[in-house]
Amino acid sequence: MTGPGYLAVDSGGSGLRVVVGAGGRGPLARAASGEPVRTGARGIDPGHFMEQLLPVARALRSEAGLGQLDTAVVGAAGMASLGDALRAELPASLARELGVRRVALAADAVTAYVGALGPRPGAVIAAGTGLIAVGTDLTSWRRADGWGHLLGDCGGGAWIGRAGLEAALRAHDGREGGSARLLASAVDMFGPAAGLPGRLYPRADRPAVLASFAPRVGECAAGGDPVAAHVLRAAARHMADSAAAVCPAEGTPAVGLTGGLFHMGPALTGLVDEELSKRLPRARRIAAEGDPLHGAVRIAEDLTTGSFSLPGDEKMLSLTSPAGDDATRAADALT
């Protein structure tokens, strides 16, 4: 067994992704669980989180040959709005079960930011089923959107899919603004258009179902369909609006894109670049370095090596740390 190490976790809709590593040596072992952590009346369920994490973390600690895991970084979807129970209970649980002394609890938007840009001023658009933009000047965090598919997530996968299906139904009805190509694609994917509301509205996973149509909108746009191209252009404008709302006002900030929606490729990213150049001409668009798990690992590495420099925030990035540690002085919000 070697010295102490760290635990980095990305908790999302498909389960947990977990890395164990050591400062200066990087990740040493990794694994994933396929069951998402439950949410309930208290928000994200800390008991279920620990049930999922502990067997994986212990196995990885042994595989990596580490005697102890001193530091844990948890990035979780819903942490900002549903993470009160995690923040209240997880540090003590990790200390009791794994000997962890220092815990950083982050919104997945923060780990996405750090994974994409690292600890530098700028803004990140994180787009998958939903959409959120996060920015920092390294003194505080700002967020825009991320309000869910009914109230926001403008430009995200569910938003694009819904707009594409609306255009399909317009064509089905013979109304202006419809697209025969999108209608044909919707019928191919979901069946007869008239039955779409009955198949969609009762679904608990409605945002994901809507988002599943977003790649079809991209395909139609790439194939020359003007209605689909208009949907993607509007999505790109929404993304640029959100990035502009959180981007630092001074200097030449970096702007990055992260998330599965951008796998759509140039049909979308090219439009986003165009809209960003209009809204944020002083910003520098850079390629994302990594994903949210990469961001959690980077935060853990920085905490372990004493180079942590990110601002704390009660909802976005909270840190528990032994008195006198460098990380304590670096963060603004401690519990």
Side-chain angles (χ1 to χ4, degrees), residues 4-21 27 29-64 66-112 114-115 128-130 132 146 148 204-205 207-208 291-293 295-297 299-300 303-304 312-322 327 331 333-335:
Y6 61 76
L7 175 71
V9 183
D10 175 50
S11 175
S14 58
L16 301 181
R17 296 188 298 157
V18 185
V19 164
V20 162
R30 63 182 67 220
S33 75
E35 183 181 352
V37 177
R38 291 192 296 262
T39 59
R42 300 176 62 221
I44 303 169
D45 186 336
H48 191 235
F49 182 93
M50 290 297 291
E51 288 176 20
Q52 295 284 90
L53 177 64
L54 280 178
V56 177
R58 287 170 174 153
L60 293 180
R61 180 179 61 185
S62 176
E63 179 183 339
L66 296 170
Q68 185 178 347
L69 299 173
D70 266 5
T71 299
V73 176
V74 176
M79 180 72 79
S81 55
L82 299 172
D84 286 348
L86 278 188
R87 282 185 287 271
E89 299 179 20
L90 204 58
S93 296
L94 290 169
R96 182 176 60 252
E97 300 293 342
L98 295 173
V100 172
R101 300 171 62 242
R102 178 172 48 205
V103 180
L105 300 178
D108 61 341
V110 169
T111 52
V114 179
T129 297
I132 187 170
D205 60 345
D291 64 7
L293 181 60
V297 169
I299 292 171
L303 285 169
T304 302
D313 182 275
E314 181 183 0
K315 298 293 188 181
M316 302 287 284
L317 177 60
S318 62
L319 176 68
T320 64
S321 181
L334 301 179
T335 56

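For clarity, every value in this text was computed on a predicted model and none was experimentally measured. Heavy-atom basis, side chains included; hydrogens, waters and symmetry copies ignored.
Atoms OH and CG, from Y6 and L69 in turn, are 11.0 Å apart once rounded to the nearest 0.5 Å. Summarising the geometry, atom CD1 belonging to I44 is positioned 6.5 Å from atom OG belonging to S11; distances are rounded to the nearest 0.5 Å. Here the OG1 atom belonging to T71 is positioned 3.5 Å from the CZ atom belonging to R102, to the nearest 0.5 angstrom. For the atom pair OG1 (T111) and CG (D10), the distance works out to 5.5 Å, reported to the nearest 0.5 Å. Rounding to the nearest 0.5 angstrom, the gap separating the CD atom in E89 from the CG atom in D84 is 11.0 Å. Rounding to the nearest 0.5 Å places CG of L98 at 5.5 Å from CG of L54.
Using a 4.5 Å heavy-atom threshold, the side chains of L303 and V73 count as touching. At a threshold of 4.5 Å between non-hydrogen side-chain atoms, the residues D108 and M79 do not count as touching. Annotation: side chain of L53 is in contact with side chain of L7 (closest heavy-atom distance under 4.5 Å). A heavy-atom distance below 4.5 Å is found between the side chains of L293 and V19. Counting only heavy atoms from C-beta outward, the side chains of T39 and D45 never approach each other to under 4.5 Å. The shortest side-chain heavy-atom distance between L60 and L66 does not fall under the 4.5 Å cut-off. A 4.5 Å side-chain heavy-atom check between M50 and L94 finds at least one atom pair inside the cut-off. Considering only heavy atoms from C-beta on, P46 comes within 4.5 Å of R42 through its side chain.
Smallest separation of non-hydrogen atoms from Q68 and G99: NE2-O, 2.9 Å. Closest non-hydrogen pair, P91 versus V103, comes out as CA-CG2, 4.0 Å. Nearest approach of A104 to I299, heavy atoms of both residues: CB-CG2, 4.5 Å. Taking every heavy atom of both residues into account, R30 and P27 meet most closely at NH2-CB, 3.6 Å. The two residues G295 and V114 make their nearest non-hydrogen contact at O-CG1, 3.8 Å. Here the shortest heavy-atom pairing between Q52 and S33 reads NE2-OG, 3.6 Å.
Under the 4.0 Å criterion applied to side-chain N and carboxylate O atoms, D291 and R17 are assigned as salt-bridge partners. Between E97 and R58 there is a salt bridge, since at least one side-chain N of the basic residue sits less than 4.0 Å from a carboxylate O of the acidic one.
Between the side chain of H48 and the backbone N or O of V37, no donor-acceptor pair lies under 3.5 Å.
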Under the side chain to side chain contact (heavy atoms under 4.5 Å, CB included) criterion, do D70 and V100 qualify, and how do the steps go? CA-CA 4 Å; D70 266 5; V100 172; over 6 Å; no
